[in-house]
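Scroll down for the structure; my scribbles are underneath it.
Since the model is a prediction, treat every value here as computed from it, not as a measurement. Scope of the values below: all heavy atoms of this structure, side chains included, with no hydrogens, waters or symmetry mates. First the proteins, then the strands, lettered A, B, ... as listed; each starts at 1.
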Amino acid sequence: RFSYTALIKVVARSRRSGIIEAILEEMKGAKCHMDSVTFTVAMRAFAEAGEIKKAMKMLGEMKEQGCKPDQVTYTVLIKMFANAKLSKEVLELYEEMLQNQNPPDTMTYNTLIHAFTKLGQHDVALRFSKKMRESGRYPNAYTYGILILLHANMHRLDLCLHTYKEMKKSGFKASEVIITTLIRAIKEAGDLEAAHKLFNDIQQAGLGRNEFVYSILIEMWAKSGDAISAKNCFDQMVEKGIKA
RNA sequence: ACUUCCGGGCGAC
């Protein structure tokens with residue numbers, strides 16, 4: 001069963017749901033018991049192939065066999081509907097989780113917040129963020145990245161920076177993802193002070209494998225007429241071995 | 001909840 005599950009996951013990369021179905025048939029033939037992990041991997045495979053119907057059919061089969069979907073299962077399906085921009089069914093799955101005594105965990109909340117961020121339904125995203133806090137789920141590094149993205153999309157650099165501060169206070173280090181998310185908001189707001197702080201953080205954290213971030217910083221300083229900072233940043237970039 | 005690991009889920013560009 002473990003090998004079948006692993007196999008499905010590998011095959012899932014090929015986006016050929018026909019193969020997945022064949023494997024599932026074979027498992028059935030071999031009287032191999034399918035557990036929630038097997039079902040979930042299969043659903044994810046269908047989800048990635050854009051086969052929403054098939055994924056939902058699997059959910060049905062799963063329940064029929066008395067196998068209970070768990071948080072991972074729901075998270076996979078929520079992401080699938082979110083990618084298809086089907087916010088109504090996202091919310092339905094969320095409700096179902098609550099009904100089933102399957103309270104969303106950190107990753108489920110991350111997926112929900114991200115889903116509505118991408119859909120441009122910022123108010124809903126914020127509501128889930130609040131619910132997450134209220135439910136006592138701890139944010140992880142992804143959560144902070146998603147929240148910063150949400151605030152950036154809301155054109156609220158102040159909230160981005162606030163979340164960033166909170167993240168560091170909670171013991172998370174700045175990452176490449178966080179930096180590239182933040183830099184967009186900083187650029188948009190033209191906040192030179194924030195740019196300087198971020199540049200410091202990049203150096204302190206030993207980050208900066210990303211030419212995109214440098215180009216924005218240099219451009220900001222160049223535009224503001226701060227040739228010294230622009231040059232300094234450029235030199236740092238070259239020192240890191242990044243091509244100009 | 002036999003929550004160490006051994007098969008599954010989340011973020012920017």
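One finds the NE2 atom of A/His162 at 11.5 Å from the CG atom of A/Leu147 (value rounded to the nearest 0.5 Å). A/Asn140 CG to A/Thr143 OG1: the interatomic distance, rounded to the nearest 0.5 Å, is 3.5 Å. From A/Asn110, atom CG reaches atom CD1 of A/Ile146 across 4.0 Å, with rounding to the nearest 0.5 Å.
Interface limits on RNA chain B: the 5'-most and 3'-most nucleotides within less than 4.0 Å of chain A heavy atoms are B/rG7 to B/rC13.
Remark: nothing in residues 51-62 of chain A comes within less than 4.0 Å of RNA chain B through any heavy atom. Near RNA chain B, meaning a heavy atom under 4.0 Å from it, residues 179-188 of chain A has A/Thr180, A/Thr181, A/Arg184 in order of number. Within residues 87-108 of chain A, the residues having any heavy atom under 4.0 Å from RNA chain B are, by residue number, A/Asp105, A/Met107, A/Thr108. Taken residue by residue, residues 141-153 of chain A places heavy atoms nearer than 4.0 Å to RNA chain B at A/Ala141, A/Tyr142, A/Gly145, A/Ile146, A/Leu149.
More than 12 heavy-atom neighbours from other residues, nucleotides or ligands sit within 6.0 angstrom of CD on A/Glu95.
When the C1' atom is compared between B/rG7 and B/rA12, the two are found 29 Å apart, to the nearest whole Å. Between B/rC6 and B/rC2, the two C1' atoms lie 15 Å apart (nearest whole Å). A distance of about 22 Å separates the C1' atoms of B/rC13 and B/rG9, rounded to the whole Å.
With a 6.0 Å cutoff to the six-membered ring centre and a 45° limit on the axis angle, A/Lys231 does not count as a cation-pi contact of A/Phe234.
The residues A/Arg184 and A/Glu188 are annotated as not salt-bridged, no charged nitrogen and carboxylate oxygen being separated by less than 4.0 angstrom. By the 4.0 Å N-to-carboxylate-O rule, A/Lys28 lies close enough to A/Glu25 to be salt-bridged with it. Comment: A/Arg133 does not engage A/Glu166 in a salt bridge, judged by the lack of any side-chain N to carboxylate O separation of less than 4.0 angstrom.
A donor-acceptor pair under 3.5 Å is formed between the side chain of A/Lys240 and the backbone N or O of A/Leu207. A distance-only check finds no donor-acceptor pair linking the side chain of A/Gln71 to the backbone of A/Asn102 [under 3.5 Å].
Ring orientation note: the planes of A/Trp221 and A/His196 are tilted relative to one another, at an angle of 30° to 60°.
With A/Thr75 as the partner, the side-chain contact (heavy atoms from CB on, under 4.5 Å) test is satisfied by one option alone out of A/Leu93, A/Thr111, A/Asp70: A/Thr111.
Residue-level contact check: A/Thr73 touches the bases, meaning some heavy atom is under 4.0 Å from a base atom. Within the 4.0 angstrom heavy-atom criterion, base atoms lie near A/Val37. Among the protein residues, A/Thr38 comes within range of the nucleic acid bases, having at least one heavy atom under 4.0 Å from a base atom.
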Q.
The test is side-chain hydrogen bond (donor to acceptor under 3.5 Å, both in side chains); show your working for A/Gln236 and A/Tyr214 and say whether it passes.
A. CA-CA 9 Å; A/Gln236 288 291 324; A/Tyr214 285 105; 5.8 Å; no
Q: Would you sort out whether A/Asp105 and A/Thr108 count as a side-chain hydrogen bond (donor to acceptor under 3.5 Å, both in side chains), showing the intermediate values?
A: CA-CA 5 Å; A/Asp105 62 11; A/Thr108 314; 2.8 Å; yes
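For A/Asp35, the salt bridge (charged side-chain N to carboxylate O under 4.0 Å, His left out) test picks out A/Arg1, with sequence neighbours left out.
No donor-acceptor contact under 3.5 angstrom links the side chains of A/Ser170 and A/Tyr138, judged on distance only.
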